[in-house]
Number of protein chains: 2
Amino acid sequence: MADIISHPRSRIAAGREPADGPDLSHGAGDDIIELLFFAYRDFISDPDQILADFGFGRAHHRVLHFVDRHPGMRVADLLDILKITKQSLGRVLKQLIDGGFIVQKPGAMDRRERLLFATCKGAELAARLREPQSRRIRAALAGLSPEAHRQVADFLLAMVNESERQDVADRVYENERPRP
Amino acid sequence: MADIISHPRSRIAAGREPADGPDLSHGAGDDIIELLFFAYRDFISDPDQILADFGFGRAHHRVLHFVDRHPGMRVADLLDILKITKQSLGRVLKQLIDGGFIVQKPGAMDRRERLLFATCKGAELAARLREPQSRRIRAALAGLSPEAHRQVADFLLAMVNESERQDVADRVYENERPRP
DNA sequence: GAGATTATGTCAGCCATATTGACATATTTT
DNA sequence: AAAATATGTCAATATGGCTGACATAATCTC
């Protein structure tokens with residue numbers, strides 16, 4: 001029985017070098033794997049209570065956040081960002097529109113497009129949801145060195161898939177995205 | 001119609017100070033809100049293809065990861081970490097046990113406890129799942145300054161709820177947890 | 001030792017959010 | 001006119017959360 005049990009600790013004996021094949025045991029950066037899990041777990045839990053008051057879930061938060069931050073966004077842009085299907089987005093977006101948090105306007109150039117905007121009501125909710133998350137981040141950065149904010153932002157950006165990294169940087173830092 | 005639309009850009013005009021009440025518009029650290037979303041989105045997408053080959057989802061990954069990393073963990077420990085109910089854990093854990101990835105052993109001190117261990121098969125899968133995430137993290141850190149790893153780890157730890165921060169640090173850095 | 005508490009498991013049902021596939025409509029492009 | 005695009009919608013399904021109720025075995029307390 002005991003012999004079918006893996007003993008990870010024995011595999012990380014100090015200084016041990018793998019004799020054959022790649023070392024699949026724990027290594028540099030593995031602390032970040034767990035820290036990311038715990039940090040994100042608590043980070044996304046902040047707005048849950050507020051959302052519950054509106055009968056919304058985390059999916060509504062994500063949609064409202066991006067529409068509020070990037071007014072005039074197309075539905076297709078949102079699908080690219082969230083990496084979900086239009087059917088999944090559909091229900092959530094419909095609820096936000098029905099509730100008066102988001103409005104749609106046909107595109108001026110291309111009237112097939114439904115450009116998305118947060119209403120004042122929507123912007124207020126987005127701000128309420130953003131507030132505890134901002135507070136948590138500012139508190140976390142406050143205890144660190146002055147350049148930590150930049151280091152952390154650079155790290156997180158470097159964690160994004162290389163193919164989309166520039167798009168994400170443009171979005172986050174508000175360089176207006178040129179749309180072809 | 002246009003007057004019910006919020007215009008966030010006007011609220012972040014450079015140097016503007018709020019005249020009344022707290023400033024609920026965007027401020028320091030808000031770039032981190034979005035960067036965390038994008039970084040985590042891509043970070044957790046890495047193992048998805050591997051998991052699909054086994055008919056598993058992200059819930060299985062989380063359970064297997066923590067059991068592999070902390071052998072002899074109790075079911076209650078896992079519930080604390082994942083912050084889910086025992087019913088939710090139950091289904092996923094049962095599948096991992098039935099599939100031979102995890103085994104249970106009664107606790108030596110308290111035979112009510114079911115201590116969890118990854119089998120060799122489970123440890124191998126955990127390593128395969130960890131590999132792309134480790135690679136992504138190492139690549140992200142490689143482009144940064146030498147002290148970035150520490151800064152990022154400190155930041156992520158500081159993002160954890162204060163009440164659990166010490167427990168998380170102990171877990172992540174393998175200081176054996178004293179159990180009362 | 002009897003009774004309370006604890007650790008775990010399980011049944012049943014519900015909800016949120018994701019999926020795929022098919023099809024409809026309006027609009028723009030070719 | 002035909003093809004391609006942007007969006008919306010219907011239907012069915014899966015995952016992974018939840019609550020509530022109840023069962024078992026083991027330990028702790030008096």
Side-chain angles (χ1 to χ4, degrees), chain A residues 37 40-41 44-45 47-49 51-64 67 72-99 102-117 179-180, chain B residues 37 40-41 44-45 47-49 51-67 72-99 102-117 179-180:
Chain A
F37 167 79
Y40 201 76
R41 179 197 68 177
I44 62 169
S45 77
D48 282 355
Q49 184 53 58
L51 288 162
D53 293 343
F54 290 81
F56 289 154
R58 289 168 183 173
H60 302 87
H61 184 190
R62 291 194 288 272
V63 170
L64 183 58
V67 170
M73 177 171 266
R74 297 173 306 158
V75 170
D77 295 330
L78 214 35
L79 295 178
D80 273 354
I81 287 175
L82 301 178
K83 300 250 198 257
I84 59 175
T85 60
K86 64 178 173 179
Q87 295 91 329
S88 297
L89 175 60
R91 275 168 310 185
V92 170
L93 185 55
K94 188 173 193 308
Q95 288 174 279
L96 287 166
I97 291 170
D98 290 349
I102 288 178
V103 290
Q104 293 177 310
K105 287 177 59 173
M109 304 293 121
D110 184 337
R111 298 208 318 275
R112 289 171 304 181
E113 296 176 347
R114 307 299 177 84
L115 305 187
L116 302 170
F117 299 87
R179 268 210 248 114
Chain B
F37 168 80
Y40 201 75
R41 179 197 68 178
I44 61 170
S45 76
D48 282 355
Q49 184 55 57
L51 288 162
D53 293 344
F54 290 81
F56 290 153
R58 288 168 184 174
H60 301 85
H61 184 189
R62 291 195 286 273
V63 171
L64 183 57
H65 170 90
F66 283 106
V67 171
M73 174 171 269
R74 297 173 308 158
V75 169
D77 295 331
L78 214 33
L79 295 178
D80 273 353
I81 288 175
L82 301 177
K83 301 250 199 256
I84 59 176
T85 59
K86 64 178 174 178
Q87 295 90 331
S88 297
L89 175 60
R91 277 173 306 191
V92 170
L93 185 55
K94 187 173 192 310
Q95 290 175 278
L96 286 166
I97 291 169
D98 289 349
I102 289 179
V103 290
Q104 293 176 309
K105 286 177 60 172
M109 302 295 119
D110 185 337
R111 298 209 319 276
R112 290 171 304 180
E113 296 176 347
R114 307 298 176 85
L115 306 187
L116 302 170
F117 298 87
R179 269 210 247 115

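Here is the naming used below: chain letters follow the sequence lines, and residue numbers restart at 1 for every chain.
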**Request:** Find out whether B/L82 and A/F37 are in side-chain contact, i.e. whether some heavy atom of one side chain is under 4.5 Å from a heavy atom of the other.
**Result:** yes
**Request:** Return the set of residues passing side-chain hydrogen bond (donor to acceptor under 3.5 Å, both in side chains) with A/R111 (not counting sequence neighbours), or none when no residue passes.
**Result:** none
**Asked** Taking only residues two or more places apart in sequence or in another chain, which ones pass salt bridge (charged side-chain N to carboxylate O under 4.0 Å, His left out) with A/D53?
**Response** none
**Message:** Does anything in residues 53-64 of chain B come within less than 4.0 Å of DNA chain D? Heavy atoms only, and list the residues if so.
**Reply:** B/G57, B/R58, B/A59, B/H60, B/R62
Distance in Å, [X] [atom1] paired with [Y] [atom2], rounded so as to fall on 0.5 Å steps:
X: A/R62; Y: A/I44; atom1: CZ; atom2: CD1; answer: 8.0 Å
X: B/M73; Y: B/F117; atom1: CE; atom2: CZ; answer: 11.0 Å
X: A/H60; Y: A/L51; atom1: NE2; atom2: CG; answer: 9.0 Å

**Asked** Considering the options B/L96, B/I102, B/V103, B/L115, which one meets the side chain to side chain contact (heavy atoms under 4.5 Å, CB included) requirement together with B/V67?
**Response** B/I102
Round to the nearest Å and state the distance from [X] atom [atom1] to [N] atom [atom2].
X: A/I44; N: C/dA16; atom1: CD1; atom2: P; value: 17 Å
X: B/Q104; N: C/dA7; atom1: CD; atom2: P; value: 16 Å
X: A/L89; N: D/dT9; atom1: CG; atom2: P; value: 11 Å
X: B/R41; N: C/dA18; atom1: CZ; atom2: C1'; value: 16 Å
X: A/L51; N: C/dC15; atom1: CG; atom2: C1'; value: 15 Å
X: A/L116; N: D/dA6; atom1: CG; atom2: C1'; value: 12 Å
X: B/L82; N: D/dG17; atom1: CG; atom2: P; value: 8 Å
X: A/L93; N: D/dA6; atom1: CG; atom2: P; value: 17 Å

**Request:** Return yes if some donor-acceptor pair links the side-chain N/O of B/R41 with the main-chain N/O of A/I81 below 3.5 Å, else return no.
**Result:** yes
**Asked** Where the side chain of B/D77 meets the backbone of B/R74, is there a donor-acceptor pair that is under 3.5 Å apart?
**Response** yes
**Shortest side-chain distance from A/R91, nucleotide among C/dT8, D/dG17, C/dT17** = C/dT17
**Asked** Could you run down nucleotides 21-30 of chain C 5' to 3' and tag each one B, S or - for protein heavy-atom contact under 4.0 Å?
**Response** BB---BBS--
**Message:** When you measure from the side-chain N and O atoms of A/T85 to the phosphate of C/dA18, is any distance below 4.0 Å, counting only OP1 and OP2?
**Reply:** no
**Request:** Report yes if at least one side-chain N or O of A/S88 is closer than 4.0 Å to OP1 or OP2 of C/dT19; otherwise report no.
**Result:** yes
**Item:** Intermediate values then yes/no, side-chain contact (heavy atoms from CB on, under 4.5 Å), A/L116 and A/Q104
**Value:** CA-CA 5 Å; A/L116 302 170; A/Q104 293 177 310; 3.5 Å; yes
**Message:** Give me each pair satisfying salt bridge (charged side-chain N to carboxylate O under 4.0 Å, His left out) with a member in residues 78-93 of chain A, each pair once, sequence neighbours excluded.
**Reply:** A/K83-A/E164
**Complete:** One would report the end-axis bend of the helix from C/dG1-D/dC30 to C/dT30-D/dA1, five pairs per end and rounded to 10 degrees, as 30°
